[in-house]
Amino acid sequence: PDDGGSAITGYVVEYADNALFTGSDIVAAAGLSTALSGLTPGTTYYVRVAARNAVTDEFGTTSLHSAASSVTVLSGGQVQAAGAWKPAIVKVRVAGVWKDAIVKVRASGVWKDAV
């Protein structure tokens with residue numbers, strides 16, 4: 001993205017459950033990646049990104065948003081342990097050995113590791 005003459009210091013990630021981004025949530029990311037939390041399993045979300053630096057507009061960004069990508073959240077299993085709900089660790093058996101399952105998400109028609 002255009003840096004406006006100042007180095008990019010982070011990104012602004014915007015996501016919503018609709019392609020028009022009405023009622024969207026915004027996450028400021030200081031680095032090259034960020035995690036989204038509180039998402040609803042089975043829901044498709046739309047995500048777009050803009051750059052941030054010392055030369056910003058009223059939205060805190062210096063570039064136009066990227067094209068939106070859509071991702072569908074897979075269901076996240078939880079188990080109750082010692083009275084508290086905790087994320088379940090999914091295992092698969094491969095050649096007789098139990099291994100951690102790799103969770104994938106589909107973004108823009110491509111399967112990628114979930115973060």
Side-chain angles (χ1 to χ4, degrees):
D2 178 20
D3 63 14
S6 179
I8 294 172
T9 58
Y11 296 89
V12 175
V13 178
E14 184 177 12
Y15 65 98
D17 61 3
N18 62 81
L20 298 176
F21 287 86
T22 56
S24 65
D25 291 305
I26 296 176
V27 177
L32 297 177
S33 67
T34 190
L36 304 179
S37 62
L39 304 178
T40 304
T43 301
T44 298
Y45 289 91
Y46 299 84
V47 181
R48 62 188 182 184
V49 180
R52 171 178 270 176
N53 67 8
V55 182
T56 62
D57 62 18
E58 67 270 25
F59 302 107
T61 62
T62 187
S63 71
L64 298 175
H65 282 98
S66 66
S69 293
S70 64
V71 295
T72 301
V73 178
L74 302 175
S75 65
Q78 294 197 343
V79 294
Q80 192 171 21
W85 286 99
K86 299 182 178 185
I89 298 171
V90 179
K91 300 277 188 175
V92 294
R93 192 172 176 120
V94 178
V97 178
W98 287 101
K99 298 183 176 190
D100 290 341
I102 299 172
V103 179
K104 301 277 187 176
V105 295
R106 189 171 175 97
S108 300
V110 177
W111 287 99
K112 298 180 181 183
D113 289 346
V115 178

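The first residue of the sequence shown is numbered 1, and numbering continues consecutively from there. Both backbone and side-chain heavy atoms feed into the values below; hydrogens, waters and symmetry mates do not. Quick caveat: nothing in here was measured; it's all calculated off a predicted structure.
Tracing side-chain contacts under 4.5 Å through hydrophobic residues (I, L, V, M, F, W, Y), one reaches L36 starting from V49; they form part of the same cluster.
Atom OG1 of T40 sits about 3.5 Å away from atom OH of Y45, to the nearest 0.5 Å. Between atom OG1 of residue T22 and atom CG of residue D17 there is a gap of 7.5 Å, rounded to the nearest 0.5 Å. Annotation: the span from D25 atom CG to E14 atom CD amounts to 9.0 Å, rounded to 0.5 Å.
Residue F21 comes nearest to A16 through the heavy atom pair CA-CB, 3.7 Å, listed as atom of the first residue, atom of the second, then distance. When all heavy atoms are compared, the tightest approach of Y15 to L39 is CE1-CD2, 3.5 Å. For the residue pair Y11 and A51, the shortest heavy atom distance occurs at CD2-CA, 3.8 Å.
Judged by distance alone, the side chain of S69 and the main-chain N or O of V47 form no donor-acceptor pair under 3.5 Å.
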